[in-house]
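Written below as structure tokens is the structure these notes are about.
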Amino acid sequence: QLQLVESGGGFVQPGGSLRLSCEASGPHFGLYAIGWFRQVPGKEREGLACLSSGGDENYLESVKGRFTISRNSVKNTMYLQMNDLNPEDTGIYYCAATWVGYACVYGDIQHWGQGIQVTVSS
């Protein structure tokens, strides 16, 4: 069983940057497909960025070029570097992992972090 714990959220002004971290506990973290999702009130949880076990990256169009997903398998940690943030990026961010399937698809996710708030405001 994989457990995921996020850190690094908070408050940032428009145009600023944040790096979210997600520490995994459990075996074979490097073999999972991983992803980051965002949820805002009244909307479904949305896949932002995902990384396959083979290193293929995919991004939601609205974050492409601003967000970067990465993994450090030695530290059992995944990251989401977020640059040029805007108020529309405000929400609760979740890290996610799946042994099978696609880590940008909500229905494929097997393991979720607890979620962390990111607020972008002037």
Side-chain angles (χ1 to χ4, degrees):
Q1 183 74 5
L2 197 69
Q3 293 185 328
L4 305 173
V5 179
E6 296 105 338
S7 61
F11 181 92
V12 63
Q13 293 187 334
S17 298
L18 277 178
R19 189 177 79 157
L20 302 182
S21 299
C22 176
E23 185 171 356
S25 58
H28 311 305
F29 173 65
L31 299 181
Y32 282 81
I34 58 173
W36 288 92
F37 287 70
R38 178 174 65 210
Q39 189 160 26
V40 298
K43 293 189 177 181
E44 294 183 351
R45 198 171 296 185
E46 181 178 49
L48 303 175
C50 50
L51 180 65
S52 72
S53 58
D56 295 324
E57 298 177 32
N58 282 281
Y59 296 92
L60 187 70
E61 193 63 33
S62 63
V63 307
K64 198 175 293 184
R66 300 188 298 122
F67 290 13
T68 304
I69 187 172
S70 61
R71 177 199 337 242
N72 184 324
S73 295
V74 174
K75 294 184 177 181
N76 261 24
T77 303
M78 57 193 285
Y79 305 96
L80 185 68
Q81 177 66 44
M82 305 186 292
N83 299 326
D84 193 21
L85 287 159
N86 58 65
E88 289 70 38
D89 295 316
T90 295
I92 300 174
Y93 284 68
Y94 296 86
C95 59
T98 184
W99 189 256
V100 294
Y102 186 50
C104 272
V105 174
Y106 180 88
D108 285 356
I109 298 301
Q110 297 172 317
H111 307 283
W112 292 98
Q114 82 282 5
I116 193 164
Q117 179 70 43
V118 171
T119 302
V120 184
S121 176
S122 55

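All values derive from a computational prediction rather than experimental measurement.
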*Partner of Cys50 by side chain to side chain contact (heavy atoms under 4.5 Å, CB included), out of Leu60, Asn58, Asp56*: Asn58
*Hey, does Thr90 have a side-chain heavy atom less than 4.5 Å from the side chain of Gln117?*
yes
*Name the orientation class of the two ring planes belonging to Tyr32 and Trp99 (parallel below 30°, tilted from 30 to 60°, perpendicular beyond 60°).*
perpendicular
*So do the side chains of Tyr106 and Glu44 get within less than 4.5 Å of each other, counting heavy atoms only?*
no
_Cluster overlap Leu20 with Leu4, hydrophobic side-chain contacts below 4.5 Å_ = yes
*Do you know which two heavy atoms are closest between Lys43 and Gln39, and how far apart they sit?*
O-NE2, 3.4 Å
*List the atom of Phe11, the atom of Ser121, and the distance in Å for their closest heavy-atom pair.*
CZ-O, 3.3 Å
*Looking at Arg71 and Phe29, what are the two nearest heavy atoms and their distance?*
NH1-O, 3.0 Å
_Check: Leu85 and Phe67 side chains under 4.5 Å, non-hydrogen atoms_ = yes
*asked:* Would a single hydrophobic cluster contain both Tyr94 and Leu48, if residues Ile, Leu, Val, Met, Phe, Trp and Tyr are joined by side-chain heavy-atom contacts under 4.5 Å?
replied: no
*Does some side-chain heavy atom of Val40 sit less than 4.5 Å from a side-chain heavy atom of Glu88?*
no
*Path from Leu18 to Ile116 over hydrophobic side-chain contacts below 4.5 Å*: yes
*Using side-chain contact (heavy atoms from CB on, under 4.5 Å) as the criterion, list what pairs up with Asp108, not counting sequence neighbours.*
Tyr102, Val105
*Pairwise distance CG(Leu2) to CD(Gln110) - rounded to 0.5 angstrom*: 9.5 Å
*asked:* Between Ser122 and Gln13 (side chain of the first, backbone of the second, donor and acceptor by atom type, cut-off under 3.5 Å), is there such a pair?
replied: no
*So, do Met82 and Val63 sit near enough that their side-chain heavy atoms are less than 4.5 Å apart?*
no
*asked:* Show me the pairs that pass salt bridge (Lys or Arg N to Asp or Glu O under 4.0 Å) and involve residues 2-29, at least two apart or across chains.
replied: none
*What are the two closest heavy atoms between Ala33 and Gly101, and how far apart are they?*
CB-O, 4.3 Å
*asked:* Main chain of Asn76, side chain of Ser73: is a donor-acceptor contact present, judged purely on distance under 3.5 Å?
replied: no
*Are Ile69 and Val74 connected in the hydrophobic side-chain network, where two residues link if heavy atoms are under 4.5 Å apart?*
no
*Taking all non-hydrogen atoms of both residues, which atom of Leu80 and which atom of Ala49 are closest, and how far apart?*
CD1-CB, 4.1 Å
*Can you hop from Ile109 to Leu31 via hydrophobic side chains spaced under 4.5 Å?*
no
*Smallest separation among heavy atoms of Ile34 and Ser70, with atom names*: CD1-O, 4.1 Å
*Near Gln114 CD, under 6.0 Å, is it more than 12 heavy atoms from other residues, nucleotides or ligands?*
yes
*What about Tyr59 and Trp36, are their ring centers closer than 6.0 Å?*
no
*Working to the nearest 0.5 Å, report the span between OG1 of Thr68 and CD of Glu57.*
7.0 Å
*Quick check: does any side chain N or O of Arg66 sit under 3.5 Å from a backbone N or O of Asp84, one acting as donor and the other as acceptor?*
yes
_What I'd like to find out is whether the side chain of Pro14 reaches to under 4.5 Å of the side chain of Asn86, using heavy atoms alone._
no
